[in-house]
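Order of the sequence lines fixes the chain letters, A, B, ..., with proteins taken first and strands second; residue numbering starts at 1 for each chain.
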Amino acid sequence: MPLPTLASGGLHLRRTLDSGQAFRWRWETSPDGSEIAVGILGRHRVRVSQDARGIHVLPPTSAAGRDALVGYLALGTRHRRGGSDRAALPAIESALAQDPVLARILPHTRGTGLLVQNPWEVVISFIISQNNNIPKIARSIDHLARALGEPLGDGVHAFPTPERLAAAHPRTLRACHLGYRAPYVREGARRVADGRLDLDALRVLPEDRARDALREVPGIGDKVADCILLFALGRAATFPVDVWVRRAVERLYFRGQRRSMRELRAFARERFGPLAGYAQQHLFAYARGHFRDPRDS
DNA sequence: GGGCAGGTGTAAT
DNA sequence: ATTACACCTGCC
(Lines give C-alpha, C1' and ligand atoms only; values in the text may rest on other atoms or scores of the structure.)
Protein backbone atom coordinates (compact mmCIF):
# COMPACT_ATOMS: atom_id res chain seq x y z
CA MET A 1 0.00 0.00 0.00
CA PRO A 2 2.25 2.80 -1.22
CA LEU A 3 -0.34 5.52 -0.73
CA PRO A 4 -2.05 4.84 2.57
CA THR A 5 -4.67 6.72 4.46
CA LEU A 6 -3.06 8.64 7.27
CA ALA A 7 -4.55 9.50 10.63
CA SER A 8 -5.51 13.16 10.59
CA GLY A 9 -4.31 13.74 14.12
CA GLY A 10 -6.74 16.60 14.51
CA LEU A 11 -5.50 18.35 11.38
CA HIS A 12 -8.04 20.13 9.17
CA LEU A 13 -6.43 19.97 5.75
CA ARG A 14 -8.35 22.75 4.07
CA ARG A 15 -8.01 25.16 6.95
CA THR A 16 -4.32 24.45 7.25
CA LEU A 17 -3.40 24.71 3.58
CA ASP A 18 -5.57 27.80 3.09
CA SER A 19 -4.35 29.55 6.23
CA GLY A 20 -1.96 31.85 4.41
CA GLN A 21 1.26 30.16 5.46
CA ALA A 22 1.77 28.46 2.08
CA PHE A 23 1.05 29.81 -1.39
CA ARG A 24 1.40 26.95 -3.85
CA TRP A 25 -1.64 24.79 -3.09
CA ARG A 26 -4.53 24.52 -5.55
CA TRP A 27 -7.82 22.77 -5.04
CA GLU A 28 -9.66 20.61 -7.52
CA THR A 29 -12.93 18.75 -7.23
CA SER A 30 -12.91 15.03 -7.96
CA PRO A 31 -15.77 13.29 -9.86
CA ASP A 32 -17.28 12.14 -6.56
CA GLY A 33 -17.38 15.71 -5.34
CA SER A 34 -14.55 15.54 -2.83
CA GLU A 35 -11.95 18.26 -2.74
CA ILE A 36 -8.36 17.46 -3.58
CA ALA A 37 -5.37 19.62 -2.76
CA VAL A 38 -2.59 19.66 -5.33
CA GLY A 39 0.78 20.98 -4.31
CA ILE A 40 4.50 20.86 -4.93
CA LEU A 41 6.89 19.73 -2.22
CA GLY A 42 10.49 19.93 -3.32
CA ARG A 43 10.55 18.01 -6.59
CA HIS A 44 7.37 16.12 -5.82
CA ARG A 45 3.92 16.93 -7.04
CA VAL A 46 1.49 15.65 -4.44
CA ARG A 47 -2.27 15.22 -4.31
CA VAL A 48 -4.09 14.83 -1.03
CA SER A 49 -7.61 14.84 0.31
CA GLN A 50 -9.33 14.39 3.65
CA ASP A 51 -12.53 12.75 4.81
CA ALA A 52 -13.84 11.18 8.01
CA ARG A 53 -11.42 8.26 7.65
CA GLY A 54 -8.36 10.43 7.48
CA ILE A 55 -5.95 12.01 5.06
CA HIS A 56 -5.62 10.27 1.72
CA VAL A 57 -2.50 10.51 -0.38
CA LEU A 58 -3.68 10.23 -3.96
CA PRO A 59 -2.06 9.23 -7.24
CA PRO A 60 0.13 10.15 -8.91
CA THR A 61 1.93 11.05 -5.69
CA SER A 62 5.14 9.01 -5.41
CA ALA A 63 6.30 7.24 -2.27
CA ALA A 64 8.89 9.96 -1.82
CA GLY A 65 6.16 12.55 -2.26
CA ARG A 66 4.11 10.81 0.40
CA ASP A 67 7.04 10.93 2.80
CA ALA A 68 7.56 14.60 2.07
CA LEU A 69 3.90 15.23 2.73
CA VAL A 70 3.97 13.45 6.08
CA GLY A 71 6.81 15.69 7.18
CA TYR A 72 5.25 18.81 5.73
CA LEU A 73 1.94 18.27 7.48
CA ALA A 74 3.78 17.22 10.63
CA LEU A 75 1.85 13.97 10.75
CA GLY A 76 3.37 11.23 12.84
CA THR A 77 5.52 13.68 14.75
CA ARG A 78 3.85 13.53 18.10
CA HIS A 79 7.10 13.40 19.94
CA ARG A 80 10.38 15.24 19.84
CA ARG A 81 11.59 16.99 16.75
CA GLY A 82 14.68 19.11 16.66
CA GLY A 83 14.81 19.19 20.42
CA SER A 84 11.37 20.72 20.87
CA ASP A 85 8.15 19.00 21.70
CA ARG A 86 5.48 19.02 19.09
CA ALA A 87 2.34 18.19 20.92
CA ALA A 88 -0.63 16.78 19.06
CA LEU A 89 -3.00 19.39 17.71
CA PRO A 90 -5.97 18.48 19.93
CA ALA A 91 -3.84 18.91 23.04
CA ILE A 92 -2.59 22.27 21.80
CA GLU A 93 -6.12 23.43 21.11
CA SER A 94 -7.34 22.28 24.50
CA ALA A 95 -4.64 24.39 26.08
CA LEU A 96 -5.52 27.38 23.91
CA ALA A 97 -9.20 26.99 24.78
CA GLN A 98 -8.35 27.97 28.34
CA ASP A 99 -8.37 31.45 26.90
CA PRO A 100 -12.03 32.57 26.67
CA VAL A 101 -11.51 34.49 23.44
CA LEU A 102 -9.84 31.57 21.70
CA ALA A 103 -12.45 29.21 23.09
CA ARG A 104 -15.01 31.22 21.14
CA ILE A 105 -12.91 31.29 17.98
CA LEU A 106 -11.74 27.68 17.92
CA PRO A 107 -14.99 26.16 16.65
CA HIS A 108 -14.37 28.10 13.43
CA THR A 109 -10.67 27.38 13.14
CA ARG A 110 -10.00 24.07 14.87
CA GLY A 111 -7.49 21.88 13.05
CA THR A 112 -5.38 24.70 11.67
CA GLY A 113 -1.87 23.33 11.99
CA LEU A 114 1.58 24.74 11.47
CA LEU A 115 3.30 23.32 8.42
CA VAL A 116 6.95 22.35 8.28
CA GLN A 117 8.02 24.17 5.16
CA ASN A 118 11.28 24.62 3.35
CA PRO A 119 12.95 27.72 4.85
CA TRP A 120 14.36 28.95 1.56
CA GLU A 121 10.97 28.93 -0.12
CA VAL A 122 9.42 30.64 2.89
CA VAL A 123 12.08 33.36 2.90
CA ILE A 124 11.32 34.32 -0.69
CA SER A 125 7.57 33.83 -0.41
CA PHE A 126 7.28 36.14 2.58
CA ILE A 127 9.61 38.78 1.18
CA ILE A 128 7.12 38.89 -1.67
CA SER A 129 4.22 39.03 0.81
CA GLN A 130 5.04 42.49 2.14
CA ASN A 131 2.37 45.08 1.39
CA ASN A 132 0.77 42.55 -0.92
CA ASN A 133 -2.25 40.27 -1.09
CA ILE A 134 -2.52 36.52 -1.28
CA PRO A 135 -3.67 36.08 -4.89
CA LYS A 136 -0.88 38.33 -6.12
CA ILE A 137 1.71 36.63 -3.92
CA ALA A 138 0.66 33.26 -5.30
CA ARG A 139 0.82 34.58 -8.84
CA SER A 140 4.33 35.94 -8.41
CA ILE A 141 5.56 32.68 -6.91
CA ASP A 142 3.98 30.75 -9.74
CA HIS A 143 5.72 32.98 -12.27
CA LEU A 144 9.04 32.49 -10.51
CA ALA A 145 8.65 28.73 -10.56
CA ARG A 146 7.76 28.66 -14.24
CA ALA A 147 10.57 30.95 -15.21
CA LEU A 148 13.33 29.54 -13.03
CA GLY A 149 12.22 26.30 -11.36
CA GLU A 150 13.06 22.79 -12.48
CA PRO A 151 10.33 21.34 -14.71
CA LEU A 152 8.61 18.40 -13.04
CA GLY A 153 6.33 17.45 -15.92
CA ASP A 154 2.79 18.47 -16.83
CA GLY A 155 3.77 22.11 -16.79
CA VAL A 156 4.57 21.99 -13.08
CA HIS A 157 7.80 23.44 -11.75
CA ALA A 158 9.75 23.16 -8.52
CA PHE A 159 10.45 26.29 -6.54
CA PRO A 160 13.63 27.88 -7.97
CA THR A 161 16.94 27.15 -6.28
CA PRO A 162 18.83 30.01 -4.61
CA GLU A 163 21.46 29.82 -7.35
CA ARG A 164 19.00 30.11 -10.19
CA LEU A 165 17.13 32.93 -8.53
CA ALA A 166 20.31 34.80 -7.64
CA ALA A 167 21.43 34.61 -11.26
CA ALA A 168 18.09 35.60 -12.72
CA HIS A 169 18.03 38.45 -15.18
CA PRO A 170 16.24 41.57 -13.89
CA ARG A 171 13.97 41.27 -16.90
CA THR A 172 12.91 37.81 -15.70
CA LEU A 173 12.11 39.07 -12.23
CA ARG A 174 10.25 41.99 -13.73
CA ALA A 175 8.03 39.54 -15.58
CA CYS A 176 7.11 37.98 -12.22
CA HIS A 177 5.45 41.23 -11.12
CA LEU A 178 7.49 41.54 -7.96
CA GLY A 179 7.51 45.32 -8.21
CA TYR A 180 9.84 47.06 -5.79
CA ARG A 181 10.38 43.74 -4.02
CA ALA A 182 12.48 42.40 -6.91
CA PRO A 183 15.79 43.70 -5.51
CA TYR A 184 14.90 42.21 -2.12
CA VAL A 185 14.21 38.82 -3.66
CA ARG A 186 17.43 38.98 -5.64
CA GLU A 187 19.55 39.96 -2.65
CA GLY A 188 17.92 37.33 -0.44
CA ALA A 189 18.70 34.70 -3.05
CA ARG A 190 22.30 35.87 -3.34
CA ARG A 191 22.82 35.69 0.38
CA VAL A 192 21.42 32.20 0.65
CA ALA A 193 23.35 31.09 -2.41
CA ASP A 194 26.69 32.37 -1.16
CA GLY A 195 26.16 31.35 2.45
CA ARG A 196 25.86 34.78 4.03
CA LEU A 197 22.41 33.67 5.14
CA ASP A 198 22.73 30.11 6.43
CA LEU A 199 19.19 28.96 7.02
CA ASP A 200 20.15 25.61 8.52
CA ALA A 201 22.36 27.39 11.04
CA LEU A 202 19.34 29.39 12.20
CA ARG A 203 17.70 26.24 13.46
CA VAL A 204 20.10 25.92 16.36
CA LEU A 205 20.18 29.61 17.31
CA PRO A 206 18.06 31.16 20.05
CA GLU A 207 14.95 32.70 18.53
CA ASP A 208 16.10 36.30 18.96
CA ARG A 209 19.43 35.61 17.33
CA ALA A 210 17.80 33.84 14.43
CA ARG A 211 15.40 36.77 13.96
CA ASP A 212 18.29 39.24 13.97
CA ALA A 213 20.08 37.22 11.32
CA LEU A 214 17.01 37.16 9.12
CA ARG A 215 16.45 40.87 9.57
CA GLU A 216 19.84 41.64 8.12
CA VAL A 217 18.42 40.79 4.72
CA PRO A 218 16.90 43.85 3.05
CA GLY A 219 13.18 43.33 2.70
CA ILE A 220 12.94 41.17 5.81
CA GLY A 221 11.58 43.09 8.78
CA ASP A 222 10.00 41.91 12.02
CA LYS A 223 6.85 40.49 10.50
CA VAL A 224 8.47 38.55 7.67
CA ALA A 225 11.22 37.27 9.98
CA ASP A 226 8.57 36.00 12.37
CA CYS A 227 6.75 34.24 9.56
CA ILE A 228 9.93 32.45 8.55
CA LEU A 229 10.58 31.40 12.14
CA LEU A 230 7.04 30.14 12.59
CA PHE A 231 6.33 28.53 9.24
CA ALA A 232 9.69 27.00 8.43
CA LEU A 233 11.95 26.89 11.44
CA GLY A 234 9.64 25.26 13.95
CA ARG A 235 9.50 28.19 16.37
CA ALA A 236 5.93 27.74 17.56
CA ALA A 237 6.23 30.50 20.15
CA THR A 238 6.64 33.14 17.46
CA PHE A 239 3.76 35.56 16.98
CA PRO A 240 3.86 37.41 13.65
CA VAL A 241 1.75 40.56 13.86
CA ASP A 242 0.21 41.59 10.58
CA VAL A 243 -2.70 43.93 10.06
CA TRP A 244 -5.27 41.17 10.63
CA VAL A 245 -3.74 39.83 13.81
CA ARG A 246 -3.38 43.36 15.08
CA ARG A 247 -7.05 44.03 14.42
CA ALA A 248 -8.03 40.77 16.11
CA VAL A 249 -5.95 41.34 19.23
CA GLU A 250 -6.87 44.98 19.64
CA ARG A 251 -10.58 44.29 19.25
CA LEU A 252 -10.85 41.04 21.12
CA TYR A 253 -8.49 41.78 23.98
CA PHE A 254 -8.15 45.58 24.19
CA ARG A 255 -11.63 46.86 23.37
CA GLY A 256 -10.45 48.22 20.08
CA GLN A 257 -7.77 50.40 21.61
CA ARG A 258 -4.62 50.87 19.61
CA ARG A 259 -1.56 49.02 20.91
CA SER A 260 2.05 49.35 19.83
CA MET A 261 3.84 46.48 18.14
CA ARG A 262 5.88 46.03 21.25
CA GLU A 263 2.79 45.76 23.44
CA LEU A 264 1.20 43.26 21.10
CA ARG A 265 4.24 41.03 21.14
CA ALA A 266 4.51 41.19 24.91
CA PHE A 267 0.84 40.40 25.21
CA ALA A 268 1.16 37.30 23.04
CA ARG A 269 4.17 36.03 24.91
CA GLU A 270 2.49 36.39 28.27
CA ARG A 271 -0.88 35.14 27.22
CA PHE A 272 0.00 32.24 24.94
CA GLY A 273 3.62 31.42 25.76
CA PRO A 274 5.04 28.56 23.70
CA LEU A 275 1.78 28.22 21.77
CA ALA A 276 1.65 31.83 20.57
CA GLY A 277 2.20 30.79 16.96
CA TYR A 278 -0.86 28.58 17.03
CA ALA A 279 -2.89 31.34 18.68
CA GLN A 280 -1.80 33.64 15.89
CA GLN A 281 -3.10 31.21 13.29
CA HIS A 282 -6.52 31.12 14.92
CA LEU A 283 -6.73 34.87 15.45
CA PHE A 284 -5.64 35.50 11.88
CA ALA A 285 -8.16 33.10 10.41
CA TYR A 286 -10.93 34.50 12.55
CA ALA A 287 -10.09 38.10 11.74
CA ARG A 288 -10.05 37.40 8.03
CA GLY A 289 -13.39 35.71 8.32
CA HIS A 290 -15.08 38.33 10.48
CA PHE A 291 -13.25 41.64 10.23
CA ARG A 292 -13.25 41.91 6.46
CA ASP A 293 -14.91 45.26 6.79
CA PRO A 294 -12.83 47.25 9.30
CA ARG A 295 -15.99 48.70 10.81
CA ASP A 296 -17.81 45.58 11.88
CA SER A 297 -16.72 43.41 14.71
C1' DG B 1 -8.95 58.19 -9.98
C1' DG B 2 -7.62 57.48 -4.94
C1' DG B 3 -7.13 53.91 -1.81
C1' DC B 4 -5.86 49.66 -0.26
C1' DA B 5 -3.40 45.01 0.24
C1' DG B 6 -0.81 39.66 5.52
C1' DG B 7 5.51 45.59 5.45
C1' DT B 8 9.87 47.69 5.08
C1' DG B 9 13.40 51.32 4.67
C1' DT B 10 14.24 55.90 5.63
C1' DA B 11 13.97 60.25 7.74
C1' DA B 12 12.28 63.03 11.44
C1' DT B 13 10.55 63.56 16.00
C1' DA C 1 11.15 54.26 20.79
C1' DT C 2 7.40 55.71 17.93
C1' DT C 3 5.49 58.09 13.63
C1' DA C 4 4.93 59.51 8.61
C1' DC C 5 5.69 58.55 4.06
C1' DA C 6 6.78 56.25 -0.43
C1' DC C 7 6.60 52.13 -2.84
C1' DC C 8 5.28 48.07 -7.75
C1' DT C 9 1.13 46.19 -8.91
C1' DG C 10 -3.71 44.76 -9.50
C1' DC C 11 -8.25 45.49 -8.18
C1' DC C 12 -12.41 48.05 -6.47
K.L.:
Return the value, rounded to whole Å, for the distance between atom CD1 of A:I127 and atom C1' of B:dG9.
P.N.:
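Nearest whole value for this atom pair: 14 Å.
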K.L.:
NA contact type, A:R174, heavy-atom cut-off 4.0 Å: base, sugar-phosphate, or nothing?
P.N.:
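Touches sugar-phosphate only.
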K.L.:
Which whole-number value in Å describes the distance from A:N131 CG to C:dT9 C1'?
P.N.:
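One finds 10 Å between C1' of C:dT9 and CG of A:N131, rounded.
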K.L.:
So which nucleotide from B:dG9, B:dG6, C:dC8 ends up closest to the side chain of A:W244?
P.N.:
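Nearest to the side chain of A:W244 among the choices is B:dG6.
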K.L.:
Rounded to whole Å, how long is the line connecting atom CE of A:M261 with atom P of C:dA4?
P.N.:
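The answer, rounded to whole Å, is 13 Å.
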K.L.:
With a 4.0 Å cut-off on heavy atoms, is A:P135 in touch with a base, just the backbone sugar-phosphate, or nothing at all?
P.N.:
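Contact class for A:P135: none.
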K.L.:
Go through C:dC7, B:dG6, B:dG9 for me and flag the one nearest to the A:I134 side chain.
P.N.:
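The answer is B:dG6.
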K.L.:
Using a cut-off of 6.0 Å, state whether more than 12 heavy atoms not belonging to A:R174 lie near its atom CZ.
P.N.:
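Open.
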K.L.:
Mapping A:N133 and A:G219 to their closest nucleotides on DNA chain B, which lands nearer the 5' end?
P.N.:
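On the 5' side of the pair lies A:N133.
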K.L.:
For A:T238 and A:E207, which I'm curious about, is there any donor-acceptor pair between the side chains at under 3.5 Å?
P.N.:
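Side chains of A:T238 and A:E207: pair found under 3.5 Å.
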K.L.:
Touch check for A:S19, heavy atoms < 4.0 angstrom, all strands: base, sugar-phosphate only, or nothing?
P.N.:
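Contact class for A:S19: base.
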K.L.:
What is the distance, to the nearest angstrom, from the NE2 atom on A:H143 to the P atom on C:dC8?
P.N.:
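Result: 19 Å.
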K.L.:
If we take the P atom in both B:dG6 and C:dT2, what is their distance in whole Å?
P.N.:
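These two P atoms come out 25 Å apart once rounded.
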K.L.:
For A:L283 and B:dG6, what is the distance between atoms CG and C1' respectively, to the nearest whole Å?
P.N.:
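Taking atom C1' of B:dG6 as the reference, CG of A:L283 is at 14 Å.
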K.L.:
Nearest-nucleotide wise, let me know which of A:Q130 and A:R139 is further upstream toward the 5' end of DNA chain C.
P.N.:
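Between the two, 5'-proximity favours A:Q130.
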K.L.:
Just name whichever nucleotide pairs with B:dG3, Watson-Crick or G-U, keeping both distances under 3.5 Å, else none.
P.N.:
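Checking every strand shown, B:dG3 finds its partner in C:dC11, with both distances under 3.5 Å.
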K.L.:
Categorize A:N132 for me: base, sugar-phosphate, or nothing, with a 4.0 angstrom heavy-atom threshold over every strand shown.
P.N.:
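Here A:N132 touches the backbone only, sparing every base.
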K.L.:
In whole angstrom, give me the gap between the P atoms of C:dC8 and B:dA11.
P.N.:
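To the nearest whole Å, 16 Å.
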K.L.:
Kindly say whether, by distance alone, the side chain of A:Y180 makes a donor-acceptor pair under 3.5 Å with the base of B:dG7?
P.N.:
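It does, because a donor-acceptor pair links the side chain of A:Y180 to the base of B:dG7 below 3.5 Å.
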K.L.:
Is the CZ atom of A:R209 crowded by more than 12 outside heavy atoms at less than 6.0 Å?
P.N.:
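Check fails, neighbour count at 12 or below.
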K.L.:
Which part of the nucleic acid, if any, lies within contact of A:G221, taking any heavy atom under 4.0 Å across all strands shown: a base, the sugar-phosphate backbone alone, or nothing?
P.N.:
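A:G221: backbone/sugar contact only, no base atoms under 4.0 Å.
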K.L.:
In terms of ring plane angle, is the pair A:W120 and A:F159 parallel, tilted or perpendicular, where the classes change at 30° and 60°?
P.N.:
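The arrangement is perpendicular - the two ring planes meet at more than 60°.
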K.L.:
For the residue pair A:Y180 and A:Y184, does the interplanar ring angle fall in the parallel (under 30°), tilted (30 to 60°) or perpendicular (over 60°) class?
P.N.:
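Answer is perpendicular, since the angle exceeds 60°.
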K.L.:
Between B:dG6, C:dT2, C:dC8, which one does the side chain of A:K136 approach most closely?
P.N.:
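Within the option list, the nearest is C:dC8.
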K.L.:
By the 4.0 Å heavy-atom rule, please label A:R181 as base, sugar-phosphate, or nothing.
P.N.:
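Here A:R181 touches the bases of the nucleic acid.
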K.L.:
Please confirm whether the shortest side-chain N or O distance from A:H177 to OP1 or OP2 of C:dG10 is below 4.0 Å.
P.N.:
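Yes, within the criterion.
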K.L.:
A:L173 has an atom CG; how far is it from atom P of C:dC8, in whole Å?
P.N.:
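Rounded to the whole Å, the gap is 15 Å.
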K.L.:
Hey, does the side chain of A:R247 come within less than 4.0 Å of B:dG6's phosphate (OP1/OP2), counting only N and O?
P.N.:
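No, outside the criterion.
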K.L.:
Base, sugar-phosphate or nothing for A:F239? Non-hydrogen atoms, less than 4.0 Å.
P.N.:
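No contact.
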K.L.:
Grab the CD-C1' distance between A:E187 and B:dG9 for me, whole Å please.
P.N.:
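Whole-Å distance recorded here is 14 Å.
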K.L.:
Establish, yes or no, whether a centroid distance under 6.0 Å links the rings of A:F239 and A:F284.
P.N.:
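Not under 6.0 Å, so no.
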K.L.:
Any side-chain heavy atom of A:Q281 sitting closer than 4.5 Å to one from A:F231?
P.N.:
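A:Q281 reaches A:F231 side chain to side chain.
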K.L.:
What is the distance, to the nearest angstrom, from the CG atom on A:L214 to the P atom on B:dG7?
P.N.:
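In whole Å, B:dG7 P and A:L214 CG are 18 Å from each other.
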K.L.:
Using atom P of each nucleotide, how far apart are B:dG3 and C:dC5 to the nearest Å?
P.N.:
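It comes out at 12 Å once rounded to the nearest Å.
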